[in-house]
Amino acid sequence: MPGRRHRNHLPTRPTWRCQACGIAWPCSAAKLRLLGEYRNDRLALTVYLATLHVEASAQLPDVDPARLAERFLSWARARG
């Protein structure tokens, strides 16, 4: 069985918790992986995360929308 750092840090729906570490997704490991995968196309990363944000918003109606936006989108903005 692979070690924790080699597991896929993917979301579990409908809870939107990480499959590997169990914390709210995207966890730190997922963020790092996504930033690496989309390092040359931050706009595509933002579109991908916005799509997931919409899906999560529908599945997590009791979570504050502003908190979900922070969780899914704000960390991926390009730093100026």
Side-chain angles (χ1 to χ4, degrees):
M1 182 173 191
R4 267 182 115 71
R5 63 190 174 111
H6 298 294
R7 290 186 187 164
N8 287 327
H9 290 265
L10 302 172
T12 301
R13 292 163 176 91
T15 62
W16 290 90
R17 301 198 72 75
C18 177
Q19 290 177 8
C21 60
I23 65 172
W25 193 91
C27 62
S28 294
K31 290 175 183 178
L32 287 173
R33 181 183 55 81
L34 288 166
L35 286 170
E37 287 179 16
Y38 288 91
R39 68 182 159 274
N40 296 318
D41 195 350
R42 191 63 66 97
L43 179 59
L45 173 60
T46 304
V47 170
Y48 174 66
L49 291 171
T51 302
L52 295 178
H53 173 247
V54 169
E55 184 180 347
S57 295
Q59 294 177 349
L60 301 171
D62 296 334
V63 177
D64 176 41
R67 288 188 64 205
L68 275 181
E70 176 76 19
R71 178 174 154 184
F72 278 82
L73 301 169
S74 67
W75 63 269
R77 290 189 188 123
R79 303 283 185 232

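Heads up: numbering here begins at 1 and tracks the sequence.
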In residues 46-54, what donor-acceptor pairs under 3.5 Å come from side-chain atoms, sequence neighbours left out?
| unit_1 | atom_1 | unit_2 | atom_2 | d |
| --- | --- | --- | --- | --- |
| Thr46 | OG1 | Arg42 | O | 3.0 |
| Thr51 | OG1 | Val47 | O | 3.0 |
| His53 | NE2 | Ala69 | N | 3.4 |

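- Remark: Glu37 engages Arg33 in a salt bridge (charged side-chain N to carboxylate O under 4.0 Å, His left out) (not counting sequence neighbours).
- Residues satisfying the side-chain contact (heavy atoms from CB on, under 4.5 Å) criterion with Thr12, sequence neighbours excluded, are Thr15, Gln19.
- Listed by chain and residue number, Glu55 satisfy the side chain to side chain donor-acceptor pair (under 3.5 Å) test with Arg13 (two or more places apart in sequence, or in another chain).
- The hydrophobic cluster containing Leu35 also contains Tyr38, counting ILVMFWY residues as joined when their side-chain heavy atoms lie under 4.5 angstrom apart, directly or transitively.
- When hydrophobic clusters are built by joining Ile, Leu, Val, Met, Phe, Trp and Tyr residues whose side-chain heavy atoms come closer than 4.5 Å, directly or via intermediates, Trp25 is grouped together with Trp75.
- Arg67 has its side chain out of reach of Leu60: every pair of non-hydrogen atoms, C-beta onward, lies at least 4.5 Å apart.
- Take Asn40 and apply the side-chain contact (heavy atoms from CB on, under 4.5 Å) test, not counting sequence neighbours, and it matches no residue.
- Nearest heavy-atom pair, Ala58 versus Pro61, reported as atom, atom and distance to 0.1 Å: O-CD, 3.9 Å.
- Atom CG of residue Leu10 and atom SG of residue Cys27 lie 9.0 Å apart, to the nearest 0.5 angstrom.
- Across all non-hydrogen atoms, the minimal contact from Pro26 to Lys31 is O-CE, 3.2 Å.
- Pro14 and Gln59 get closest at one heavy-atom pair: CA-OE1, 3.4 Å.
- Leu73 and Val63 fall within a single hydrophobic cluster, where Ile, Leu, Val, Met, Phe, Trp and Tyr are joined by side-chain heavy atoms under 4.5 Å apart, directly or via other members.
- For the salt bridge (Lys or Arg N to Asp or Glu O under 4.0 Å) condition, no pair includes a residue of residues 44-54, sequence neighbours left out.
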